[in-house]
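Below is one structure; the comments refer to it alone.
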Amino acid sequence: MENNLPVNIREYQELAKKALSKMHYDYINGGAEDEHTLRDNIAAYGRILLRPRVLVDVSNIDMSTSLLGYNMPSPIIVAPTGSHKVANPEGEVATAKAAASCNSLMVLSFSSNCRIEEVAASCDAIRFYQLYVFKKRAVSATLVRRAESSGFKAIVLTVDNPMLGRRERDIRNKMVAPDKPNLEGLISLENLDTTDGSQLAKYVRDTMDPSLSWKDVEWLKSITSLPILVKGILTAEDARKAVEAGAAGVIVSNHGGRQLDYAPATISVLEEVVKAVAGAVPVLVDGGIQRGTDVLKALALGARAVMVGRPVMYGLAARGEAGAKHVIEMLNRELELAMTLCGCRSVAEITRDRVQTEGDRMRSLL
């Protein structure tokens with residue numbers, strides 16, 4: 001196997017499908033309802049073309065960037081995805097070690113199957129913590145305090161989940177909610193009856209707060225000194241509100257196509273959000289990234305960094321920690337090659353004129 005490694009993300013996805021039960025593969029890979037947004041997250045990247053510049057000295061390529069003052073060797077971050085033990089018994093500890101060995105920043109999901117403290121102790125790295133606001137605010141406050149004391153450097157507040165999207169694969173498979181050891185003693189996960197489908201949906205209904213509003217971002221700021229990035233922004237209006245609310249960063253995300261179906265592909269609204277934020281805070285994007293060229297396209301449209309979720313899970317499912325590490329390395333190598341062939345020697349040189357969007361093509365015809 002080691003001599004015959006996958007050469008791209010799609011091959012890792014095929015291996016993951018073979019390695020996992022249908023329930024668990026569908027849980028990782030599925031989206032909401034018709035899965036239009038899920039597919040379009042990927043397809044929208046295919047509608048953006050690159051505009052390479054030639055005869056540039058590309059003998060040295062520098063992919064490094066920074067986020068909230070932390071230096072990163074590349075703009076590729078591991079996105080918060082839940083329940084890594086579904087993919088591999090070592091769970092988030094394996095993912096954290098893979099990210100750390102690539103010096104990549106990882107965002108740990110609140111629905112991690114490994115305890116916050118266990119992940120923090122497993123290896124030395126810069127990590128952010130992803131949070132939902134629960135009906136019981138004390139639960140969220142406790143998780144924030146634990147993340148702070150474990151050395152996490154920022155909070156990623158996911159705001160597009162007042163209720164779970166209708167994930168029909170999970171309903172059909174009667175998806176069992178995986179263990180959430182970080183919530184032990186805080187929330188009862190008993191009595192999750194699944195006669196009407198997904199245990200996960202019932203759990204979210206019972207615990208998440210649909211009354212969540214912008215004032216809760218202020219509440220979160222009042223209980224932590226850590227910077228807060230708001231994840232789940234898809235419009236200029238909400239991007240401006242996030243900045244006004246004191247967010248340290250904005251993450252353009254549609255929850256990997258798992259929440260509102262027919263929400264726009266993230267790459268298609270990235271530029272709108274970047275323009276609205278107008279440089280006040282960094283903008284990140286997730287959803288649909290499968291290639292280094294996708295990363296380059298996102299940076300050209302104004303993203304400071306990109307977050308990659310499912311591909312890392314595919315690597316983890318196929319080959320454990322080594323697979324997750326290989327996925328991150330592969331994307332980094334692909335980005336380096338894309339920069340080389342586009343004539344971009346640093347991320348600063350990945351400017352807007354290096355891409356042509358559908359909108360650009362339409363305007364050129366007018």
Side-chain angles (χ1 to χ4, degrees), residues 31-32 36-48 65 67-68 72 75-81 105 107 109 128 130-132 154-162 165 212 214 217 227-291 293-312 331 335 347 350 352 355 357-359:
H36 168 84
T37 297
L38 175 73
R39 290 188 299 274
D40 204 40
N41 271 350
I42 295 171
Y45 276 99
R47 298 192 289 267
I48 299 168
T65 188
L67 179 63
L68 305 182
M72 308 192 297
I76 298 168
I77 292 171
V78 177
T81 51
L105 199 151
V107 186
S109 167
F128 295 174
Q130 178 267 332
L131 182 76
Y132 290 116
I155 300 294
V156 172
L157 177 67
T158 298
V159 295
D160 59 3
N161 206 35
L212 189 67
W214 287 106
V217 179
I228 297 161
L229 296 97
V230 176
K231 176 176 176 286
I233 302 294
L234 292 170
T235 63
E237 298 90 327
D238 279 347
R240 282 190 285 267
K241 282 196 156 180
V243 173
E244 285 163 19
V250 165
I251 302 172
V252 178
S253 176
N254 55 33
H255 217 104
R258 293 160 82 81
Q259 282 298 101
L260 176 67
D261 201 18
Y262 297 93
T266 46
I267 193 66
S268 68
V269 294
L270 172 60
E271 198 167 20
E272 172 188 328
V273 169
V274 167
K275 284 178 177 166
V277 166
V281 298
V283 177
L284 286 71
V285 65
D286 73 6
I289 290 162
Q290 304 230 307
R291 286 282 186 190
T293 45
D294 297 338
V295 180
L296 193 144
K297 290 170 185 180
L299 297 181
L301 291 169
R304 172 68 63 87
V306 304
M307 304 208 308
V308 177
R310 285 187 184 92
V312 177
L331 285 170
L335 173 60
V347 291
I350 305 176
R352 177 62 176 81
V355 292
T357 63
E358 280 184 298

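The basis for the numbers below is simple: all heavy atoms, side chains too, and nothing from hydrogens, waters or symmetry mates.
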Side-chain contact test, heavy atoms from C-beta onward, threshold under 4.5 Å: evaluate it for Met307 versus Ile251 and give yes or no. yes
From CD (Gln130) to CG (Leu157), nearest 0.5 Å: 8.5 Å
So do Pro75 and Thr65 actually touch side chain to side chain, heavy atoms under 4.5 Å? yes
Measuring only between side-chain heavy atoms, which start at C-beta, is Thr357 closer than 4.5 Å to Arg47? no
Is there a side-chain contact between Asp238 and Lys241, using heavy atoms and a 4.5 Å cut-off? yes
For Val252 and Val269, run side chain to side chain contact (heavy atoms under 4.5 Å, CB included): C-alpha distance rounded to whole Å, both residues' side-chain angles, the deciding distance at 0.1 Å, then the answer. CA-CA 8 Å; Val252 178; Val269 294; 3.9 Å; yes
What's the separation between atom CG in Leu296 and atom CD1 in Ile289, rounded to the nearest 0.5 Å? 11.5 Å
Can you confirm whether the side chains of Thr235 and Glu272 place a donor and an acceptor under 3.5 Å from each other? no
Quick check for you: to the nearest 0.5 Å, what is the distance between Thr158 atom OG1 and His255 atom NE2? 6.5 Å
Over all atoms of both residues, closest heavy-atom pair of Gly288 and Tyr45: O-CD1, 3.7 Å
Are side-chain heavy atoms of Phe128 and Ile155 found at a separation under 4.5 Å? no
For Ile77, the option from Val306, Val107, Val308, Asp286 that meets side chain to side chain contact (heavy atoms under 4.5 Å, CB included): Val107
How long is the straight-line distance from CZ of Arg240 back to CD1 of Ile233, given to the nearest 0.5 Å? 11.5 Å
If I compare all heavy atoms of Ala298 with all of Val285, which pair ends up nearest, and what's the gap? CB-CG1, 3.8 Å
Cut-off 3.5 Å, side chains only: do Gln259 and Asn161 have a donor facing an acceptor? yes
Closest heavy-atom pair and its distance - Thr37, Gly257: CG2-CA, 3.9 Å
So, are Asp261 and Arg39 salt-bridged, with charged N and O less than 4.0 Å apart? no
CG of Leu68 to CD1 of Ile228, rounded to nearest 0.5 Å, is 11.5 Å
Over all atoms of both residues, closest heavy-atom pair of Ala242 and Val250: CB-CG2, 3.9 Å
Any idea which heavy atoms bring Thr266 and Asn41 closest together, and the distance? N-OD1, 3.3 Å
Value for CG (Asp294) from CD1 (Ile267), rounded to nearest 0.5 Å, stands at 8.0 Å
Minimum side-chain heavy-atom gap Leu38-Arg310 below 4.5 Å: yes
Going by the side chain to side chain contact (heavy atoms under 4.5 Å, CB included) test, name the single residue among Val295, Ile42, Leu331 that passes it with Gln290. Ile42
Would you call Pro264 and Asp40 a side-chain contact if the rule is heavy atoms closer than 4.5 Å? no
Answer whether the closest heavy-atom distance between the side chains of Leu105 and Val78 falls below 4.5 Å. no
Polar contact flag, side-chain donor to acceptor under 3.5 angstrom, Asn254-Asp160: no
Any idea which heavy atoms bring Pro282 and Ala248 closest together, and the distance? CD-O, 3.3 Å
Report yes or no: does Lys297 contribute a side-chain atom to a donor-acceptor pair with the main-chain N or O of Ile48 at less than 3.5 Å? yes
